[in-house]
Amino acid sequence: MSTDLGPKLEPESAVEKIKKASRGLRGTLVESLHDPLTGAIREPDTQLIKFHGSYMQDDRDLRAEREHQKLEPAYSFMIRTRLPGGVVTPTQWLALSQIARTLATGTLRLTTRQAFQVHGVIKKDLMATMQAMNAVLIDSIAACGDVNRNVMASANPVESKLHQEVYDWAVKLSEHLKPRTRAYHEIWLDGEKLTGPAEEEPILGQNYLPRKFKTGIVVPPNNDVDVFSQDLGFIAILDTEGLEEGALLGFNLVVGGGLGATHGEPQTYPRIGDVIGFLTPDQTLMVAETVVMIQRDFGDRTDRKHARLKYTIDDRGIDWFKGELFRRLGYVLPPARPYKFTTQGDRFGWLRGFDGRWHLTLRIEAGRVADRPGAPHLTGLEKIAAVHKGEFRLTANQNLIIANVEQADCMAIDQIVADHNLGRALFTTPLRRDALACVSLPTCALAMAEAERYLPTFVERVEELLVKQNMKEIPLTLRITGCPNGCARPYLAEIALIGRAPGRYTLRLGGDATGERLNVIYRDNIDEPSILTALDELFARYRGEKTDGERFGDFLWRIDVLKAEKRA
Ligand code: SRM
Ligand code: SF4
C-alpha cells in the first residue's frame with residue numbers, strides 16, 4: 001500500500017469541469033428550465049440538477065416507440081427529498097402524497113436511504129413541485145450529486161430514548177455537511193440572484209466532492225441502515241453499566257464502505273467499511289467533516305468509477321487514512337468499543353415504545369406507495385395522515401413506521417390499515433417481508449434488468465421452493481437490483497440478483513443476517529430457470545444439513561460452495 005501517491009496525471013473527469021464552471025451549482029439551469037422547445041435540460045445541467053435533488057430521466061418503456069415516431073424521448077424528472085433519519089409529520093406526508101397525485105406519476109417511492117422519490121415530473125412542473133415541498137419544509141438539496149447524501153439513522157423508536165438522540169445527530173450531520181451555496185433557493189424558491197462570486201464551501205470545497213458520499217448512524221443490535229455500506233458510519237455505543245444506563249456514550253467510527261461496482265470490471269467492487277475508533281458525541285461533527293475533507297482532498301477526480309472513499313482508502317491503506325485523520329483532528333481516537341448486531345431487518349406490526357406509545361411498522365413492497373386494485377395504499381396512508389398525531393418514519397428497508405401513536409388511537413389506525421389492505425404483507429413469509437428491490441425499469445437510466453417490477457413474481461417462485469422443503473418460515477434476505485450499482489444494497493443479502501440483461505442476473509449468495517459480510521458470485525449471467533434450479537439444490541441441502549438456527553448464508557460458507565472473491 002503506497003502512502004506517497006502524488007496527484008494523478010490524468011485529466012479531470014468531465015463532471016469536474018462542469019462543477020468548476022457552475023458558479024456554485026447554478027450553471028445554466030434557469031435558462032434550461034425556461035427553454036420551451038424541449039422537455040429536456042442542457043447536458044451540463046443534467047449533472048448540476050442532481051445536486052438539487054433531481055435527475056432527468058425518460059420513460060424506458062416508451063423509448064423505442066418514441067424513437068420510431070421520431071419524437072424526443074419522454075423526458076421527465078425524478079425528485080428525491082433530503083430527509084435525515086426519514087422522519088415526516090402527517091402534514092408533510094399529505095403534501096407529498098398530493099404532489100405525487102397532481103404533479104408526478106401518482107405514486108410515492110420510499111427509498112433505501114429513508115427518503116421519498118417522486119417520478120415523472122415534467123419540466124414545466126419542476127419549480128411548482130420544489131415549491132410545494134418547500135411549503136411543508138421539505139427540501140431536496142444534496143439528495144443527489146457529489147455531496148454528502150441523505151443521512152440515515154436507525155428508524156425504530158421503540159427501544160430507547162437513544163433513537164431520538166441518534167435521529168437528532170442525523171439532522172445535525174445533514175445540516176453541517178450540506179452545501180452552503182444558495183443556488184437551490186435562488187433557482188427554485190426566491191429567485192434572488194447572486195451577483196458576486198459563488199459562496200464559500202468550507203467543507204465540501206468549491207468543486208464539491210469527487211463523488212457521492214454517504215453517512216449513516218446505527219443503533220445496535222439492529223443494523224437496519226447497513227452501516228458497513230456507508231462511506232462514513234457511526235455505531236451508537238450505549239452506557240450499559242454506568243450511572244446512566246442507556247445513555248449515549250459515543251460512536252464507533254466506520255469509514256470506507258460502498259457497494260457500487262461494474263460487471264466485468266474487478267477494479268470496481270463493493271467494500272465493507274472499517275471500524276477505526278471510538279469518539280464521544282461532542283467530537284461527532286468535527287470527525288465527520290474531517291473524514292469528508294480528506295476524501296475531498298485525496299479522492300480520485302479523474303475516474304468516477306474509482307472516486308469513492310473506499311478506493312481512496314484501499315489505494316493508500318487504512319493506516320494512512322487513520323494517520324491523516326488523527327493528524328488533522330490533532331488527537332488519536334481510542335479503540336472501538338464492543339458492539340453486536342443481531343439483525344438487519346425491520347420489526348413489523350405494533351410495538352410498544354419505552355414511553356408507552358405505540359409504533360406500527362408496515363411492509364411497503366419495494367417502497368412503492370400506490371393505489372392499486374385491491375390495495376389502495378396511497379389513499380389509505382392519506383387517511384392515516386389525516387388522523388395521526390405522531391409522525392411517519394421511513395426505514396432503510398423501504399418500509400414505513402406509523403410512529404408515536406397513543407393507545408386510544410391504535411384502533412382507528414388499525415381500521416384504516418384493514419380497509420386499505422395495508423396490513424396484508426405483515427402476514428406473509430419472512431422472505432417476502434424482508435426482500436428489497438431497487439427502482440430499476442422503467443425510470444432508471446442505468447437499469448439492465450427488472451427489479452421492483454420483478455420482485456413479487458420472483459419472491460413467489462422462491463416461496464414455492466421453500467414450501468417444497470417445508471421451510472416457508474425461515475428468515476432469509478433477498479435483494480434484487482437492475483444493475484450492479486447496488487441501490488438495494490444487494491451485496492449484503494443472503495441471496496441477491498444483480499441485473500445483467502433483460503431477464504438475466506448474476507446470482508450472488510452468502511451474505512449474513514446482520515449486514516457484516518459481503519456475498520459472492522455463485523453463478524453469473526443466468527436466467528430465471530437456472531436461478532431457481534441453483535436455489536432449489538441448495539435449499540434441499542440446507543434443509544438436510546443445517547445446524548440448529550444456522551442461517552442460509554452461513555450454511556453456504558460452511559459447506560464450502562462459495563469462493564471468496566479476489567479484488568483486482
Ligand atoms: Fe442508487 C444511481 C436509485 C440507493 C448506489 N440510484 C442511482 C440512480 C439515480 C440512477 C442514475 O444514476 O441514473 C437511480 C434512480 C432510479 C430511479 O428511477 O428512481 C438510483 N439509489 C436509488 C434508490 C431510489 C433505490 C431504491 O430503490 O430505494 C435509492 C435512493 C437513496 C436515497 O434516498 O438517497 C438508492 N444507490 C443507493 C444505494 C444504497 C444506499 O445508499 O444505502 C447504493 C449503494 C451504496 C453505495 O452508494 O455504495 C446506491 N446508485 C448507486 C450507484 C453506484 C455508486 C458507486 O459508487 O458506484 C449509482 C450510479 C452512480 O452513482 O454512478 C446509483
Ligand atoms: Fe438503477 Fe441500478 Fe440503482 Fe437499480 S441498482 S436503481 S438499476 S442504478
Side-chain angles (χ1 to χ4, degrees), residues 15 46-47 50 53-60 76-84 86 104-105 107 109-120 140 142-152 210-216 224-231 233 256-263 265 268-273 299 303-311 364-368 394-398 436-455 479-492 496-500 515:
V15 179
T46 61
Q47 293 301 329
K50 296 179 188 177
S54 179
Y55 271 71
M56 188 172 90
Q57 304 182 316
D58 72 289
D59 187 329
R60 293 184 56 185
S76 67
F77 293 79
M78 172 268 272
I79 304 177
R80 184 185 289 169
T81 64
R82 180 178 67 101
L83 207 64
T105 51
T107 73
R109 184 64 158 60
L110 316 188
T111 76
T112 51
R113 295 193 68 78
Q114 301 175 289
F116 290 88
Q117 280 187 185
V118 288
H119 291 96
S140 58
C144 319
D146 297 343
V147 285
N148 181 57
R149 303 285 190 92
N150 198 38
V151 178
M152 295 166 77
R211 201 64 164 89
K212 55 174 69 166
F213 187 94
K214 299 186 171 177
T215 303
D224 54 352
V225 309
D226 277 331
V227 72
F228 300 104
S229 71
Q230 312 284 336
D231 295 83
L259 300 182
T262 305
H263 286 306
E265 294 187 15
T268 67
Y269 48 80
R271 183 183 192 276
I272 291 276
D303 175 4
R304 289 183 67 77
K305 285 193 181 175
H306 185 255
R308 295 288 293 270
L309 178 62
K310 61 182 174 181
Y311 301 119
I364 307 289
E365 196 168 69
R368 183 71 67 177
L394 277 52
T395 82
N397 292 309
Q398 303 171 324
L436 302 186
C438 72
V439 180
S440 198
L441 294 163
T443 51
C444 179
L446 307 177
M448 300 170 174
E450 296 282 353
E452 177 182 336
R453 296 194 293 198
Y454 180 45
L455 183 76
R479 297 179 176 182
I480 306 181
T481 56
C483 84
N485 281 318
C487 298
R489 297 186 292 273
Y491 303 98
L492 294 165
L497 302 193
I498 316 264
R500 262 241 170 228

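All ligand and atom numbering here is 1-based and tracks the order in the structure.
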Quiz prompt | atom 1 (Fe) of ligand 1 to nearest N/O/S of C487 less than 2.8 Å | solution = yes
Exercise. Would you indicate which of Q114, K50, R109, M56 comes nearest to atom 27 (O) of ligand 1 when only heavy atoms are counted?
Key: R109
Quiz prompt | Within-cut-off N or O pair, K310 and ligand 1, under 3.5 Å | solution = no
Quiz item: Given T112, V151, L83, which has its nearest heavy atom closest to atom 28 (O) of ligand 1?
Solution: T112
Quiz item: Sub-3.5 Å donor-acceptor pair from the side chain of S440 to the main-chain atoms of A449, do we have one?
Solution: yes
Quiz item: Considering only heavy atoms of G258, which atoms of ligand 1 have at least one such atom less than 4.0 Å away?
Solution: 48 (O)
Exercise. Would you check whether A437 reaches within less than 4.0 Å of ligand 1, judged by its heavy atoms?
Key: yes
Quiz item: Taking all non-hydrogen atoms of both residues, which atom of D146 and which atom of P210 are closest, and how far apart?
Solution: OD2-O, 3.8 Å
Self-check item: Protein N, O or S atoms lying under 2.8 Å from atom 3 (Fe) of ligand 2, listed by chain and number
Solution: C487 SG
Practice problem: Give the contacting part of L446 toward ligand 1: side chain, backbone, both or neither, where contact means a heavy-atom distance below 4.0 Å. | Solution: side chain
Quiz item: By number and element, which atoms of ligand 1 are closer than 4.0 Å to a non-hydrogen atom of Q57?
Solution: 17 (C), 18 (O)
Practice problem: Around atom 53 (C) of ligand 1, find the nearest protein heavy atom and jot down its residue, atom name and distance. | Solution: N485 OD1, 3.3 Å
Quiz prompt | Closest non-hydrogen atom pair between Q114 and T395, with its separation | solution = CG-C, 3.6 Å
Quiz item: Are the side chain of S140 and the backbone of R82 linked by a donor-acceptor contact shorter than 3.5 Å?
Solution: no
Practice problem: Just jot down the ligand 1 atoms closer than 4.0 angstrom to any heavy atom of A115, in number order. | Solution: 33 (O)
Self-check item: Donor-acceptor contact below 3.5 Å, side chain R304 vs main chain R211
Solution: no
Quiz item: So which bit of R304 gets within less than 4.0 Å of ligand 1, heavy atoms only: side chain, backbone, both or neither?
Solution: neither
Quiz item: Is a donor on one side and an acceptor on the other found under 3.5 Å between the side chain of D231 and the backbone of K214?
Solution: yes
Exercise. Return yes if some donor-acceptor pair links the side-chain N/O of T46 with the main-chain N/O of M56 below 3.5 Å, else return no.
Key: no
Self-check item: Atom of A496, atom of P490 and distance for their closest heavy-atom approach
Solution: CB-O, 3.3 Å
Quiz item: Closest non-hydrogen protein atom to atom 14 (C) of ligand 1, residue and atom name please, with distance?
Solution: C444 SG, 4.0 Å
Quiz item: Does the side chain of E452 come within less than 4.5 Å of R109's, by heavy atoms?
Solution: yes
Quiz item: For ligand 1, which atoms have a heavy atom of C438 less than 4.0 angstrom away?
Solution: 27 (O)
Quiz prompt | R113 neighbourhood, listing ligand 1 atoms whose heavy-atom distance to it stays under 4.0 Å | solution = 31 (C), 32 (C), 33 (O), 34 (O), 40 (C), 41 (O), 42 (O)
Quiz item: Is R80 reaching over with its side chain to a backbone N or O of C144, donor-acceptor style, under 3.5 angstrom?
Solution: no
Quiz item: Mind checking whether L259 has an N or O less than 3.5 Å away from an N or O of ligand 1?
Solution: yes
Quiz item: Would you say Y491's side chain and P484's backbone share a donor-acceptor pair under 3.5 angstrom?
Solution: yes
Quiz item: Relative to each other, are the rings of Y269 and Y311 parallel, tilted or perpendicular (30° and 60° limits)?
Solution: perpendicular
Exercise. Ignoring hydrogens, just give me the one of R211, K212, H119 whose non-hydrogen atom is nearest atom 62 (O) of ligand 1.
Key: R211
Quiz prompt | Shortest protein contact, atom 49 (C) of ligand 1 (heavy atom only) | solution = K214 NZ, 3.3 Å
Quiz prompt | Flag, side chain of T107 to backbone of R368, donor-acceptor distance under 3.5 Å | solution = no
Exercise. Closest by any non-hydrogen atom to atom 19 (O) of ligand 1: pick that one out of M78, Q117, R271.
Key: Q117
Quiz item: Does the N150 side chain pair with the main chain of L83, one donor and one acceptor, at a distance under 3.5 Å?
Solution: yes
Quiz item: Which ligand 1 atoms are under 4.0 Å away from a heavy-atom of G260?
Solution: 48 (O), 53 (C), 55 (C), 57 (O)
Quiz item: Does the R60 side chain pair with the main chain of A447, one donor and one acceptor, at a distance under 3.5 Å?
Solution: yes
Practice problem: Would you please determine whether Q398 falls within less than 4.0 Å of ligand 1 on a heavy-atom basis? | Solution: yes
